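Right, one structure below, let's go through it.
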Amino acid sequence: MEQPVETLEGWYCEHLVWKINWPLLRSLDKATRNSVIDSYHKINKSLEEVEPDQGSHYWFRVNGFKGDLGLMVLRPSLMDLTAVEALIAKSALGTILQPSRSFVSVTEVGTYTRKPKTDRGWAYVNAHLKPQLPAMNCICFYPMNKRRWPGANWYELPYAKRQEEMHEHGTIGRQYAGKIKQYITGAIGFDDDEWGVTLFADDPLEIKKLVTEMRYAAASAVYGDFPYFIIGTRLTENAWANLLALDEGGAE
């Protein structure tokens, strides 16, 4: 048996994606539609009441047909995430939402580069274990697995070889410092895939460039598997009414 890598964990994380039931929304009278908008504001206020000490969250509009609305939320426990799910499902907003995708995980930092030995090092690690999600324009989320194929089995590689591959991976990521914020969450035993990767950027092309460049590193090129990608744009509280406006984009 090869040596497993030790990991450090922080807040529990959930990525939630819904489709909006547009026929139902169109059937609602104006007062009921306004109650849905008010419901969002109440949910958001409830989420913010415990932040930043007990979590963080990020609403986004989803591009493509995988969904319409997305939420990334971080909390100290799985029970806290369950409470957030229930808060939304039982609200007026929940009546027009149809679950599309979810991903349950926990923020994670691997120790292939060893544990920090300085206060500055621990501050960097803690910022990834208990992060305040950035107010950047774009979000990209994707699950990731390490392959267990004959001749390309990540879990059969010696520790030193895995350490080498992850160092190359990290070197590429550091070149995008200031342009992209990246958070890794571990999902082994929590969800169908092994890790979640969340990228934030103001320019979506930086996300494309980073993911493309990392594909050429062996940790991804040989051992990486990426089931799907979700891209979206930040949904601010002021923009919420536009999301549900029936005349947006020329509709009547």
Side-chain angles (χ1 to χ4, degrees), residues 13-28 30 32-48 51 55-75 81 84-85 87-105 131-143 179-183 185 196-211 226-252:
C13 178
E14 196 156 25
H15 292 75
L16 300 169
V17 175
W18 299 271
K19 293 183 178 181
I20 293 175
N21 187 334
W22 296 109
L24 174 60
L25 183 62
R26 284 194 295 270
S27 73
L28 302 178
K30 185 175 181 179
T32 306
R33 215 158 44 236
N34 286 338
S35 73
V36 172
I37 296 173
D38 291 341
S39 172
Y40 162 78
H41 292 303
K42 291 176 182 177
I43 291 169
N44 212 39
K45 183 179 179 181
S46 177
L47 295 178
E48 291 175 346
E51 299 174 4
S56 185
H57 73 282
Y58 183 101
W59 292 97
F60 57 99
R61 296 189 68 165
V62 179
N63 290 95
F65 291 151
K66 293 171 184 170
D68 298 299
L69 176 66
L71 172 66
M72 178 180 179
V73 60
L74 298 159
R75 286 296 184 266
L81 292 181
V84 172
E85 289 180 51
L87 175 68
I88 297 170
K90 296 176 181 179
S91 69
L93 171 63
T95 62
I96 66 162
L97 298 181
Q98 299 171 332
S100 176
R101 293 176 186 264
S102 68
F103 192 84
V104 181
S105 55
Q132 294 306 302
L133 299 179
M136 301 177 86
N137 293 335
C138 300
I139 182 174
C140 172
F141 168 73
Y142 57 96
K179 298 178 181 179
I180 289 179
K181 292 283 189 181
Q182 174 180 281
Y183 300 98
T185 54
V197 180
T198 309
L199 306 175
F200 294 91
D202 284 320
D203 183 352
L205 288 181
E206 295 294 344
I207 293 174
K208 178 179 181 293
K209 292 177 186 298
L210 170 62
V211 174
F226 309 94
Y228 63 85
F229 285 75
I230 291 176
I231 188 78
T233 53
R234 181 171 175 247
L235 180 62
T236 65
E237 192 157 3
N238 292 335
W240 179 255
N242 290 333
L243 174 63
L244 300 183
L246 296 182
D247 60 350
E248 184 182 21
E252 296 182 358

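It should be emphasised that the depicted structure is a prediction, and the values quoted were computed from it without experimental measurement. No hydrogens, no waters, no symmetry mates; every other heavy atom, side chains included, goes into these values.
With sequence neighbours excluded, the residues satisfying salt bridge (Lys or Arg N to Asp or Glu O under 4.0 Å) with Arg75 are Glu51. For Phe141, the ring-ring contact (aromatic ring centres under 6.0 Å, His included) partners at least two apart in sequence or on another chain are His15, Phe103. By the salt bridge (Lys or Arg N to Asp or Glu O under 4.0 Å) test, Glu85 is found to be paired with no residue, residues two or more places apart in sequence or in another chain being considered. With sequence neighbours left out, Ala239 forms a side chain to side chain contact (heavy atoms under 4.5 Å, CB included) with Leu235, Thr236. In this view, Tyr58 and Phe200 satisfy the ring-ring contact (aromatic ring centres under 6.0 Å, His included) rule, not counting sequence neighbours.
With Ser39 contributing its side chain and Leu93 its backbone, the two residues share a donor-acceptor pair below 3.5 Å. Asp202 contributes a side-chain N or O that, together with a main-chain N or O of Asn137, makes up a donor-acceptor pair within less than 3.5 Å. Remark: side-chain polar atoms of Thr233 are not paired, donor with acceptor, to backbone N or O of Cys138 under 3.5 angstrom.
One side chain, Trp59 or Asn44, offers a donor N or O that lies under 3.5 Å from an acceptor on the other.
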Using the side chain to side chain contact (heavy atoms under 4.5 Å, CB included) rule, take Val17 and Ser102 through it: C-alpha gap first, then chi angles, then the decisive distance, then the call.
CA-CA 6 Å; Val17 175; Ser102 68; over 6 Å; no
Please evaluate residues Lys179 and Asp203 with respect to the criterion side chain to side chain contact (heavy atoms under 4.5 Å, CB included), reporting the C-alpha separation (whole Å), side-chain torsions for both, the decisive distance (0.1 Å), and the verdict.
CA-CA 8 Å; Lys179 298 178 181 179; Asp203 183 352; over 6 Å; no
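When all heavy atoms of Ala201 and Met136 are compared, the closest pair comes out as CA-CE, 3.7 Å. Residues Arg33 and Leu28 share a closest heavy-atom pair of NH1-O, 2.9 Å. Looking at every heavy atom in both residues, Ser56 comes nearest to Leu133 through OG-N, 2.9 Å.
Here the NE2-SG distance, from His57 to Cys13, works out to 13.0 Å after rounding to the nearest 0.5 Å.
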Which pairs would a plain distance check flag for residues 62-73, meaning a side-chain donor or acceptor within less than 3.5 Å of a matching protein atom at least two apart in sequence or in another chain?
from  : atom 1 : to     : atom 2 : distance (Å)
Lys66 : NZ     : Phe229 : O      : 2.3
Asp68 : OD2    : Ile20  : N      : 2.7

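Looking at heavy atoms from C-beta onward, Thr32 lies out of side-chain contact with Asn34 at the 4.5 angstrom threshold. Two residues are said to be in side-chain contact when any heavy atoms from C-beta on lie closer than 4.5 Å; Leu244 and Ile96 meet this criterion. For the pair Ile139/Thr198, a side-chain contact is recorded, criterion being any heavy-atom separation below 4.5 Å from C-beta on.
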